[in-house]
Amino acid sequence: MERYSEMERLQEQLTALEDLLVKEFRACQALHALTKEERQALTAGDTDILSRLVEQKEAQLDEMSDLEGKRRSLVQELNRLLGLNQDTATLTDLLAALPVESSGRLSRLGEGILTLLVDVRDLTHGNRAIASTAMERAEAIQAFLLSLYQQADRDRS
Amino acid sequence: MTKNTPDSIRYPVRLIVPDMLPHLVELARDLPGLLIEGVEEAGRESPGERKMAGGNPAELVSQMVAVCQTYEAARRLIQSQDELLEKTADSLGWL
């Protein structure tokens, strides 16, 4: 009876993990779209759009962080039910311990998330470089404008 | 050399720049006044266009401050994003 309950619990948690991975996949897709938009705004120097994107991305990153935390906890719980090491629990470790019929779909979801993450990371690195350069340029223009008005004030006095 | 020889060959840079220097100095001296004059002209336009032209000198500077703040916020968020991506990939276990 106890073993049946454990089996039932295991299946419940696997279903919950699949649902969570689907949500995480969709969240990654949304972040991917926002990061691409951010690239366009940075390239165009459009700070109005960039400002809007910063707000949207903040909310999206909060959601992803929350999902990542829940997934981590769920994987730890599943590893406990399977008698695996919980401290170093990754999704890959868990999938390796499951029968293929249980792990196949989860594995595909995980790989889909990873593919998106790699692409987003590449975009993020590029966007960081563009944003840094744009900020240096804006600061230089700001300093130049200030120096002009300070010079004009000195000339008037 | 003939009359068709390009100026860049007939007049080496070291001869051109000194000739331009007085004009550059004049421009640098007059730029503040030109900017003010420019935004006063722009003041006759619609509010939206006036905003784009700067409105007044203090507005130009405050617009640049807002631009810098936007880029700084974007840069900080990009850094947070990078850290989260690293953490997520790590917990997935494929990297």
Side-chain angles (χ1 to χ4, degrees), chain A residues 24 28 31 34-35 38 41-42 45 47-48 50-51 53-55 57-58 60-61 64-65 67-69 71-72 75 88-96 110-111 113-114 117-118 120-121 124-125 127-128 131-139 141-146 148-149 151-153 155, chain B residues 24-43 46-95:
Chain A
E24 208 172 349
C28 284
L31 182 66
L34 284 172
T35 309
E38 182 182 65
L42 284 167
T47 50
D48 286 340
L50 194 61
S51 189
L53 286 170
V54 162
E55 280 183 33
K57 256 189 29 169
E58 238 167 359
Q60 192 60 45
L61 289 176
M64 278 188 63
S65 182
L67 288 170
E68 194 273 338
R71 173 178 40 82
R72 209 184 269 264
V75 167
T88 54
T90 65
L91 181 64
T92 325
D93 295 332
L94 172 66
L95 295 179
E111 282 167 13
I113 293 169
L114 190 68
L117 284 184
V118 167
V120 173
R121 205 164 64 164
T124 302
H125 290 169
N127 288 3
R128 182 163 53 194
S132 292
T133 306
M135 204 177 88
E136 282 169 24
R137 191 170 57 237
E139 282 174 342
I141 294 170
Q142 183 189 325
F144 172 66
L145 286 172
L146 278 170
L148 284 181
Y149 300 126
Q151 180 63 46
D153 282 343
D155 289 346
Chain B
L24 288 171
V25 167
E26 203 179 304
L27 185 65
R29 189 189 60 220
D30 292 347
L31 192 56
L34 285 171
L35 278 170
I36 292 166
E37 197 178 304
V39 298
E40 279 172 357
E41 279 292 324
S46 68
E49 285 164 318
R50 181 179 183 169
K51 183 177 189 278
M52 281 175 66
N56 62 61
E59 250 186 59
L60 273 175
V61 174
S62 76
Q63 276 177 22
M64 285 315 302
V65 168
V67 165
C68 289
Q69 284 172 345
T70 300
Y71 279 125
E72 175 58 29
R75 201 173 66 164
R76 269 192 270 112
L77 197 60
I78 287 168
Q79 179 60 34
S80 302
Q81 179 170 326
D82 201 27
E83 285 163 12
L84 178 61
L85 293 175
E86 193 72 38
K87 190 178 163 189
T88 305
D90 187 52
S91 67
L92 284 172
W94 267 283
L95 294 179

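Sequence lines set the chain letters: A, B, ... in the order given, protein chains first and strands last, and positions in each chain run from 1.
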Under 4.5 Å to a heavy atom of chain B? For Glu136(A) that would be neither

Measuring heavy-atom distances to chain B, does Arg71(A) have an atom under 4.5 Å in its side chain, in its backbone, in both, or in neither? side chain

Per-residue tally against chain A (heavy atom, under 4.5 Å) across Glu72(B), Gln79(B), Gln81(B) peaks at Gln81(B)

Given a strict heavy-atom distance threshold of 4.5 Å, which part of Leu67(A) is in contact with chain B: side chain, backbone, both, or neither? neither

Tell me, side chain or backbone of Leu77(B) under 4.5 Å from chain A's heavy atoms, or both, or neither? both

Which bit of Glu68(A) comes within less than 4.5 Å of chain B, counting heavy atoms only: side chain, backbone, both or neither? side chain

In terms of heavy-atom proximity below 4.5 Å to chain B, should Glu38(A) be classed as side chain, backbone, both, or neither? side chain

Are Arg128(A) and Asp82(B) within salt-bridge range, i.e. N to O under 4.0 Å? yes

Before giving the answer on side-chain hydrogen bond (donor to acceptor under 3.5 Å, both in side chains), spell out for Asn127(A) and Thr124(A) the whole-Å C-alpha distance, their side-chain angles and the decisive distance to 0.1 Å. CA-CA 5 Å; Asn127(A) 288 3; Thr124(A) 302; 5.9 Å; no

In this structure, CD of Glu111(A) is separated from CG of Leu95(A) (nearest 0.5 Å) by 9.0 Å

Considering all heavy atoms of both residues, which atom of Leu117(A) and which atom of Ala89(B) are nearest to each other, and what is their separation? CD1-N, 3.9 Å

Heavy atoms of Tyr71(B) and Ala138(A) approach each other most closely as CD1-CB, 4.4 Å

For chain B, find which of Ser132(A), Ala41(A), Ala131(A) contributes the most heavy-atom pairs closer than 4.5 angstrom. Ser132(A)

Contact summary for Val54(A) and Ala74(B), nearest pair of heavy atoms: CG2-CA, 3.8 Å

Which one, Ile141(A), Leu61(A), Val120(A), leads in non-hydrogen pairs under 4.5 Å with chain B? Leu61(A)

Can Met135(A) and Val67(B) be said to form a side chain to side chain contact (heavy atoms under 4.5 Å, CB included), step by step? CA-CA 8 Å; Met135(A) 204 177 88; Val67(B) 165; over 6 Å; no

Looking only at Cys28(A), Ala134(A), Ser51(A), Gly45(A), the option with the highest number of non-hydrogen pairs under 4.5 Å against chain B is Ala134(A)

